[in-house]
Amino acid sequence: MAPARPASSRRGALPLAAETIPMERGHAEALMPLLDRLSAQVDGGFESLDRVAVTVGPGSYTGLRVGISAARGIGLAAGIPVVGVATLSAFLAPLMVGERRGLFTAAIDAKHGHIYIQAIAPGGAPSFLRD
């Protein structure tokens with residue numbers, strides 16, 4: 001079950017608005033109403049955005065296509081840049097805020113007995129895992 005999780009945030013701060021919906025299907029239909037609800041919780045709504053971030057993978061092809069298309073449409077309509085972020089980096093970002101030190105690792109199911117894994121060292125540098 002993949003959650004739908006758009007969030008709005010300022011650099012180094014907690015999200016200004018967030019909502020998680022556990023879903024197995026229907027992400028495309030749920031995305032725009034979810035973004036509408038979130039923007040209503042933020043002062044200035046969509047007009048207050050200065051950029052849109054969207055995950056670019058790894059992830060399901062259809063899910064990535066829907067998310068990137070929505071982000072691109074919002075960026076074009078609002079006249080703001082759209083920034084691609086690796087999915088695992090997006091999962092790790094909240095852990096790297098502040099004075100935390102150490103190696104941060106995230107993993108997700110890649111299906112068919114495989115996993116996607118990413119490790120990031122302090123300061124956000126990629127780290128290569130060795131045997």
On a heavy-atom basis, the closest approach of Ile115 and Ala107 is CD1-CB, 4.5 Å
Report yes if some heavy atom in the side chain of Val82 is under 4.5 Å from a heavy atom in the side chain of Arg51; otherwise report no.
no
Checklist entry - Does any non-hydrogen side-chain atom of Pro81 lie less than 4.5 Å from one of Val52? => result no
* Asked: Can you find a pair of side-chain heavy atoms, one from Ile117 and one from Leu88, that are under 4.5 Å apart?
  -> no
So CG of Asp36 and CD of Gln41: to nearest 0.5 Å the spacing works out to 10.5 Å
Taking every heavy atom of Ser48 against every heavy atom of Gly45, the minimum-distance pair comes out as OG-O, 2.7 Å
d(Glu19 CD, Leu38 CG) to nearest 0.5 Å is 5.5 Å
Taken to the nearest 0.5 Å, the spacing of Leu31 CG from Glu29 CD works out to 10.0 Å
Quiz item: Ser69 side chain to Val66 main-chain N or O, any donor-acceptor pair under 3.5 Å?
Solution: no
When rounded to the nearest 0.5 Å, the distance separating CZ of Phe104 from CG of Leu95 is 6.0 Å
| Pair Ser89-Gln118, side-chain donor/acceptor within less than 3.5 Å | yes
On a heavy-atom basis, the closest approach of Leu49 and Ile74 is CD1-CG2, 4.2 Å
So CD1 of Ile80 and CD of Glu47: to nearest 0.5 Å the spacing works out to 10.0 Å
message = With heavy-atom distances below 4.5 Å as the criterion, would you say the side chains of Asp109 and Tyr116 are in contact?
response = no
Note: Pro94 and Ala90 closest approach over all heavy atoms is CD-O, 3.4 Å
Note to self: Given 3.5 Å as the limit, does a donor-acceptor pair link the side chain of Thr87 with the main chain of Pro58, or not?
What the structure shows: yes
When rounded to the nearest 0.5 Å, the distance separating OG of Ser39 from CG of Leu34 is 10.0 Å
ask   = More than 12 heavy atoms of other residues, nucleotides or ligands under 6.0 Å from CZ of Arg37: is that the case?
value = yes
Heavy atoms, side chains only, cut-off 4.5 Å: are Val56 and Ile68 in contact? yes
Closest non-hydrogen atoms of Leu103 and Ala119, given as atom of the first, atom of the second and distance, are CD1-CB, 3.9 Å
